2 protein chains.
Amino acid sequence: MQFEVGAHRTDRPAGRIRQQNEKLILDAAEQEFARHGFKGTSMQQVADRAGLPKANIHYYFNNKLGLYYAVLSNIIELWDSTFNELSGDDDPAEVLPRYIATKIDFSRRYPQASRVFAMEILSGGTHLSEYFQQDYREWFRSRAAVFERWIADGKMKPIDPAHLIFLLWGSTQHYADFAIQVQAALGKEELEEDVFETAARTLTEIILGGCGIRRD
Amino acid sequence: MQFEVGAHRTDRPAGRIRQQNEKLILDAAEQEFARHGFKGTSMQQVADRAGLPKANIHYYFNNKLGLYYAVLSNIIELWDSTFNELSGDDDPAEVLPRYIATKIDFSRRYPQASRVFAMEILSGGTHLSEYFQQDYREWFRSRAAVFERWIADGKMKPIDPAHLIFLLWGSTQHYADFAIQVQAALGKEELEEDVFETAARTLTEIILGGCGIRRD
DNA sequence: GTCTATATGTGGATAGAC
DNA sequence: GTCTATCCACATATAGAC
């Protein structure tokens, strides 16, 4: 049925439709989960936003939880990638500004992803228990060690690395998660690129200055 | 009916039960709204947590939206109070550490309130449109002016005040909103007071240092 | 004021025609 | 693969006995 010989060319390789629909659904689900969280999102809303019947969502993703995990894991992948690039051998004056810029850029380009993650944490993080329990603490420690190394090498002042990391996360993600409030405060309909640029520049100046990291 | 003469003393002034029950319901609602947001919270869950029949919730608060607004307005009141105390006449070296300590203390004492607010913002802030549209921008500007004054008076480096405010908010609220992640990173079952103290001290050092504010 | 029972809608999920 | 029709649990909200 799928490979009938002599059928007219459809220009759609096998699975093409599936790929298209899955993307439609995942994008729609990300939007809905970002605004209403897992419990607050209905499959009907996802279906309406994706422009497909509700039953199709269940066809592609077994159930609501499966769909949610699919969205979440996309985000987690995206998340950890950046932070792993920092190394103790680097010069913080060079890589920290880049890290801040990257995180701010994430807030600009993937605000929905950031919000789904934030929603999940606020909801108690029950769907991330594996992610958090396994070796998360070890991973975090190894990341904190990068800063400890910089401190030992006299590249920055003795600042508590864990709280510095929380500061980096909290201040950068704020521009995605609290965008509505930032918009209201600045009197803007939408956050344009210059806001993110100024944010990155200001955060870099304060944090590097506060850590006693001198840039050339 | 309410003031029958000769009724036996109940030791309960009129409205005492009402007051008690309203508090029970509001506390329960705050917990639920913090975890599941407006859409994701059911009146049954609130009732169960409050230990009252569902119909009673509807008796005290007309409907779900009324209950939600009651919870939200409590929080907003709590929120704005601190920030309004900063003045251009003050010495930032004195009042900024106090502001940071107060915000961190809020995250410790009222994490649920912080989360309800965060949830509402993530959900699009549709129930705060009045709060945000009215004179929020003006209020924010007047607050930013405090920092501008400090800059003009040479009390701190020329840092963009708006983004400095976002940094203060984002970094302090992080300890309430992302407590689960902070716990996982630090390997703690619960965040104890020393974590909040170290957080306040570290944030103060970085932010004041980064703004070029010297403390005695 | 309190609470059981219920009306009416929407939730997730699936059967089965096409 | 697609989509209508439908099942049943649970949602908000209220009626009405106590």
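If you're wondering where the values come from, they're calculated on a predicted model, not measured in any experiment. Chain letters run A, B, ... following the sequence lines, proteins first and then strands; every chain starts at 1. Side-chain atoms are counted along with the backbone in the values below, which use heavy atoms only and exclude waters and symmetry mates.
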Where the side chain of [X] meets the backbone of [Y], is there a donor-acceptor pair that is under 3.5 Å apart?
X      : Y      : answer
A/S114 : A/S107 : no
A/N56  : A/Y59  : no
A/K64  : A/T41  : yes

Got a list of protein N/O to nucleotides 5-11 of chain D N/O distances below 3.5 Å?
none

Review point. A/R18 has a side chain; which of D/dT4, C/dG1, D/dG1 sits nearest to it?
Key: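 Taking heavy atoms from C-beta onward, the closest nucleotide is D/dG1.
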Practice item. Report the nucleotide, chosen from D/dT12, C/dT2, D/dT2, that has the shortest atom-to-atom distance to any side-chain atom of B/H58. Key: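 Of the candidates, D/dT12 comes closest.
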**Study point:** Phosphate-side-chain proximity, B/N63 and D/dT12, N/O vs OP1/OP2 below 4.0 Å
**Key:**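 False: B/N63 side-chain N/O out of range (4.0 Å or more) of D/dT12 OP1/OP2.
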Review point. OP1, OP2 of C/dT14 versus side-chain N and O of A/N62: anything below 4.0 Å?
Key: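 Checking A/N62 against C/dT14: no side-chain N or O falls below 4.0 Å of OP1 or OP2.
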Practice item. To the nearest Å, give me how far apart CG (B/L67) and C1' (D/dT12) are. Key: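 That distance rounds to 13 Å.
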Review point. Nearest-Å distance, CD (B/Q20) to P (C/dG1)?
Key: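 Taking CD of B/Q20 and P of C/dG1, I get 12 Å after rounding.
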Exercise for review: Just call it for A/Y60: base, sugar-phosphate, or nothing, with non-hydrogen atoms closer than 4.0 Å on any strand.
Suggested key: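 Here A/Y60 touches the backbone only, sparing every base.
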Check your understanding: Bend across the helix from C/dG1-D/dC18 to C/dC18-D/dG1, to 10°, with axes taken over 5 pairs at each end?
Key ->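 One end axis against the other gives 0°.
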